[in-house]
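Report on one structure; see the data block that follows.
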Amino acid sequence: MPFRQTHLLGIADLQPAEITTLLDLAETYAERARRGLPAGDALEGLTQINLFFEPSTRTQASFELAGRRLGAAVTSMSAESTSLRKGETLIDTALTLNAMRPDLLVVRHPMSGAVALLAEKVANCAVLNAGDGRHEHPTQALLDALTIRRAKGRLHRLSVAICGDIAHSRVARSNILLLNRMESRIRLVAPPTLLPPGIADLGCEVFHDMAEGLRGADVVMMLRLQRERMEGAFVPSEREYFHRYGLDAAKLAHAAPDAIVMHPGPMNRGVEIDGAIADDLTRSVIQTQVEMGVAVRMAAMDLLARNLRAARGRAALGDIPDLFG
Amino acid sequence: MVRTLIRDVRLVDPEAGREGPGALVLEGGRIAAVLPAPPEGTFDATVEGEGHVLAPGIVDWGVKIGEPGERHRESLRTAGLAAAAGGVTTLVTRPDTEPALDRPEAVEWLLRRAAEGCPVRLHPMAALTKGREGREMAEMGFLRDAGAVAFTDADRLVADSRVMARALAYARGLGALVGTHGQDPWLSTGASATSGPFATLLGLPSAPPVAERIGLERDLALAEAAGAALHAHQVTTAPALEALARAKARGLDVTAGVSIHHVTLNELDIGGYRTFFKLVPPLRAETDREAAVEALASGLLDVLCSWHSPQDEESKRLPFEAAAPGAVGLETLLPAALRLVHAGRLSLPVLFRALSLNPSRRLGLPTGRLAAGAPADLVLFDPDRPFVLDRATLRSKSRNTPFDGARLQGRVRATWVGGRQVFGDAP
């Protein structure tokens, strides 16, 4: 099955076969990197602009690296360093970018739907969503899926527990959409204050107790707690949160014996995850997630670039009169 | 005196709950006679109704006009032209202007401006508290003397219960009507959608529907304690409608309305982050929409309004969370409401009870009736005429309608205010 997307805005747009296509390609990039082989030149001659309206270190670095490894000319703009904060509207930013003629545009924005809005307004360019508000973070879900597939050999019929601040998490939403599409079972574990309304209707089982929620899970995915807005508002205190929902050896013992532990980073050790668990290389695949992040982003940009070049080819042919018509 | 005959029409009389063929005679700005058949005699002018519907003009309660302060969004003149084209003969305006309409001088100024440039009637609501800040009550006595017909902080709930209690008590002393926006402000802070699986999927900050019930129940309790008259501008959820029904059953002096958007659209319409569907309160679940339609049919909801809220393009061309809420509705109120008639949910007399009669009665206006002696505020429309709405054709300065491209049925042929035709072909 070909990968048909013009942009990568969310997992919601992807068919299961498209996800598999992307993960298969990412797998080859990951293997080449492990063997020290060159990645190829899929993005040769293309310009990639990373546009970050929200601070990010690891995602931005991962996209930069992915683009460079495939030969793209990469430039990054972030909210602090540019005029993005000087009152310019998102649509004006899109028009400005159009004039720069980028080929790949990687965007992160604090508001849900903002990346899709930008994608509507730019022309002749593939847009990748690097996280919009609480909506989606598709490359994170894809790198999580690749990590799971490498560890478990499959993505279907797994029991995946997603734990923590699901209400404010775009990572959780994208993961729920992806794992549902790949026919895994999803268990959400969080206090009710950190669960978004109606989440059970999206095909998840909901638990408020870690022991119950982790029972028999093949994958335990911890989410980052945004500490600055939590204390007293969504949970009474960090120490109570760690006591009830922080992942430690005792709670992990309820999961399957070979369960893997994941975290999208950056971690709050001692808040949502015990340091010893995070560092236990027999259980934790957190470093693998970072490694797969680069591979998945290479694959995503490679596939989108192929579609972009094909679309440009068709557009160019459109100018030629049909000689046989 | 000029005598005009409007013949060959279907008369809709919301007061008697009747509709049927007939004719109507206008004289001196008033309805002189409502007849089953055209009378003998000579007239200065005759309007051929061609079998279309003639109803009392719409009294649209809760219209935002950009004057003072935001004339680039809507002026009295453009609002008046849009109203006339939509069959709206009376604008009951909101005080959420810039600055808020909280001083008698401003009310006088507004009425003077309206008399000069607005082709339809205008009755302002004034702010309940100074600056709509919810702290000190506005000069309700002076404001009413200047022409304010009701008092409200528009889309802000007076959060401080003591301020609201005193304002209601003071209003009772004046015999004044207080309007409320029943949304708990803390639960609604920052929300741009109604909580539920759909808002969760879109990742939008949302307010639980119970916010409306809490806000409404508090104001019902305070109004009961004060013995004051209360109008809830927009009741849009099933639990809040139940609270309203209980209050009415207890005999409280309370009425309530709903906007056309909340009875014709639901939360799924915001899909794809379409900012023209961002409203206050946000669009609700389909079950709530159904409950609101039922309440309109039963009379539990008294008033159907446009809650006309003009916004310029720039404030809508933003990410959903950052976009300004509100939709224009003066020209689409009637055709959108006719969807409910064509769907068999409301009869025309019931619809015009909510559009014309009830708001007039509650605000103490003589309009809204199809009876001899009543002001000749009328709308003649073809209820079946289909069209596709193109927002570029709207007369409002702002064209933020959620019905752009919608298939609608029902076109206004002519509108009269005080016997003077303000829209349509010359008779």
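Just so it is clear: chains get the letters A, B, ... in the order the sequence lines come, proteins before strands, and each one is counted from 1.
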When rounded to the nearest 0.5 angstrom, what is the spacing between [atom1] in [X] and [atom2] in [Y]?
X	Y	atom1	atom2	value
A:D92	B:E314	CG	CD	7.0 Å
A:R134	B:E321	CZ	CD	7.0 Å
B:L204	A:M111	CG	CE	11.0 Å
B:T200	A:I166	OG1	CD1	11.0 Å

Considering all heavy atoms of both residues, which atom of [X] and which atom of [Y] are nearest to each other, and what is their separation?
X	Y	answer
A:I91	B:R317	CG2-NH2, 3.3 Å
B:P319	A:L117	N-CD2, 3.6 Å
B:P197	A:G198	CB-O, 3.6 Å

**Report entry** Side chain to side chain, B:Y273 and A:S112, heavy atoms closer than 4.5 Å
**Finding:** yes
Query - For chain A, the option from B:G272, B:P208, B:P205 that forms the most heavy-atom pairs under 4.5 Å - result: B:P205
Around atom [atom1] of [X], are there more than 12 heavy atoms of other residues, nucleotides or ligands at under 6.0 Å?
X	atom1	value
B:R135	CZ	no
A:R185	CZ	no
A:E183	CD	no

**Report entry** Under 4.5 Å from a heavy atom of chain A, the part of B:A322 involved
**Finding:** both
Requested in this report: Check whether A:R173 gets within reach of chain B through its side chain, its backbone, both or neither, counting any heavy atom under 4.5 Å.
Outcome: side chain
**Report entry** A:L177 versus chain B, the contacting section by heavy-atom distance below 4.5 Å
**Finding:** side chain
